[in-house]
Amino acid sequence: MAIINFGGIDENVITRDEFPLSKAKEVLKDEVIAVIGYGVQGPGQSLNLRDNGFNVIVGQRKGGKTWDKAVADGWVPGKTLFEIEEACRKATIIQYLLSDAAQIEVWPKIKPCLTAGKALYFSHGFGITYKERTGIIPPADIDVILVAPKGSGTSLRRMFLEGRGLNSSYAVFQDATGKAFDRVIALGIGVGSGYLFETDFKREVYSDLTGERGTLMGAIQGLLLAQYEVLRENGHSPSEAFNETVEELTQSLMPLFAENGMDWMYANCSTTAQRGALDWMTPFHDATKPVFEKLYREVASGNEAQRSIDSNSKADYREKLEDELKALRESEMWRTGAVVRKLRPEND
């Protein structure tokens, strides 16, 4: 474990240099890893583990679209693809990668399979952190661990195939065997992490829920839409408004500050852009920080988790979700975006 200084604060970090894939395979050589769920994280993590040479099986409800997707990805029914309970019985490590709502629903079937010495693995701290609300309380004689890639399963898989890694956090909630740390790091390396940084289940879910609702998804859509609307209301065309709001951000500026930092991006913009960015970042900070503070309080109180549980457990949740996503998809800004993406040179 390396101690890395981030902005004056020391953190525990595990890199692939100090914990190489060969060591991870040695740690897990006698383990059977069952990936439960084949939706968001399941495909990327299971395929990366398989390609890295680990003993992996998939557990999924038979007959649905995700079962068929698993078959299409090369998982073989009766050999490497099973119904959820059978996969859990066969496994020594159960990667519980169903959605939060599905984890609550399926937990009564999972718990009896958690015999002494097994490991229960999460990629989200939700179920354990809010256990009074979810009912997910593991037995005391198993390891409970977490690896949370900082991105979607699609990104995890894409970066793996490109020979890169997606950074992940890791945590040990319960160490019943004395092997929990080695198990969690080996799995983190196996699923394709770039480096692993230490957290705990509560901090992971608090930061994750804040990030999803904040800069990663909720806030960014709100900011983009507000700017787009102001430009349109002042006579700018849809193409101009979208290019100035979204296209330049995602295609030009984000890669620059992802590679070299915001200060470098500022230094390599026009002096007019520099001055405006430096002057206006404070009003935007001051306007939005109270919203982030309220958001964090709602997450920490459990209110945000309860809203998610209540909403996602309703019988008509999928239909209502599709209606909301359709409205987003059919808004002028994102219909314009669909046209702009087709006009990019790489699509010629």
Side-chain angles (χ1 to χ4, degrees), residues 37-44 64-66 68-69 97-105 124 126 150-156 158 205 207-254 284 287-299 301-344 347:
Y38 211 73
V40 178
Q41 282 288 336
K65 291 181 180 179
T66 48
D68 294 339
K69 175 174 168 50
L97 301 183
L98 295 167
S99 69
D100 295 324
Q103 284 186 16
I104 297 169
E105 178 188 347
H124 190 28
F126 191 100
K150 296 298 104 181
S152 70
T154 301
S155 298
L156 183 73
R158 182 180 298 149
V205 75
S207 62
D208 188 74
L209 292 183
T210 300
E212 289 171 348
R213 287 145 179 78
T215 60
L216 301 179
M217 297 175 70
I220 192 67
Q221 166 64 13
L223 285 170
L224 295 176
L225 182 59
Q227 178 171 302
Y228 181 89
E229 288 175 343
V230 167
L231 290 173
R232 291 287 289 120
E233 289 161 4
N234 283 276
H236 298 270
S237 70
S239 179
E240 184 170 54
F242 186 87
N243 273 277
E244 201 61 47
T245 300
V246 179
E247 195 74 354
E248 186 172 353
L249 172 68
T250 59
Q251 301 304 300
S252 174
L253 299 185
M254 275 190 172
F284 276 108
T288 58
K289 189 173 180 184
V291 180
F292 282 101
E293 290 171 336
K294 179 180 179 181
L295 167 58
Y296 194 87
R297 288 194 301 270
E298 288 294 285
V299 169
S301 70
N303 291 342
E304 194 64 27
Q306 192 62 53
R307 276 192 290 272
S308 179
I309 292 169
D310 292 344
S311 173
N312 296 350
S313 60
K314 291 179 180 177
D316 60 351
Y317 167 70
R318 290 290 175 186
E319 290 78 6
K320 288 185 175 179
L321 173 65
E322 180 51 38
D323 288 342
E324 291 179 283
L325 294 178
K326 181 181 179 183
L328 190 64
R329 183 169 60 248
E330 294 182 354
S331 67
E332 184 190 273
M333 184 171 76
W334 291 113
R335 283 189 287 112
T336 300
V339 176
V340 170
R341 287 191 293 276
K342 290 178 181 178
L343 293 174
R344 290 175 187 163
N347 294 323

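Every value quoted in this text rests on a predicted model; they were computed, and no experiment measured them.
Between the CG atom of D310 and the OH atom of Y317 there is a distance of 12.5 Å, given to the nearest 0.5 Å. With values rounded to the nearest 0.5 angstrom, H124 atom NE2 is found 6.0 Å from E212 atom CD. A distance of 6.5 Å separates CG of L209 from CZ of F126, quoted to the nearest 0.5 Å. One distance of note links CD of Q251 with CZ of R344; it measures 3.5 Å at 0.5 Å rounding. Distance check: L325 CG to W334 CH2 gives 13.0 Å after rounding to the nearest 0.5 Å. For the atom pair L328 CG and R335 CZ, the distance stands at 12.0 Å (nearest 0.5 Å).
In terms of heavy atoms, L295 sits closest to G214 at CD2-N, 4.1 Å. The shortest non-hydrogen separation linking A219 to F292 is CB-CZ, 4.2 Å. The shortest non-hydrogen separation linking L216 to I220 is O-CG2, 3.7 Å. Smallest separation of non-hydrogen atoms from L156 and Q41: CD2-OE1, 4.2 Å. Counting all heavy atoms, side chain and backbone alike, Q227 lies closest to T245 at NE2-OG1, 3.2 Å.
More than 12 heavy atoms of other residues, nucleotides or ligands lie within 6.0 Å of CZ in R307, so this atom counts as buried by the packing criterion.
Comment: R329 engages E322 in a salt bridge, judged by a side-chain N to carboxylate O separation of less than 4.0 angstrom. With respect to the salt-bridge test (charged N to carboxylate O, under 4.0 angstrom), the residues E332 and R232 qualify.
Under the 4.5 Å side-chain criterion, counting only non-hydrogen atoms from C-beta, E105 is not in contact with L98. Side-chain contact check for L224 versus L249: some heavy-atom pair is nearer than 4.5 Å. Side-chain contact between V339 and F242 is absent, with no heavy-atom pair separated by less than 4.5 Å. When side chains are defined from C-beta on, H236 does not count as touching E244, because their heavy atoms never get closer than 4.5 Å.
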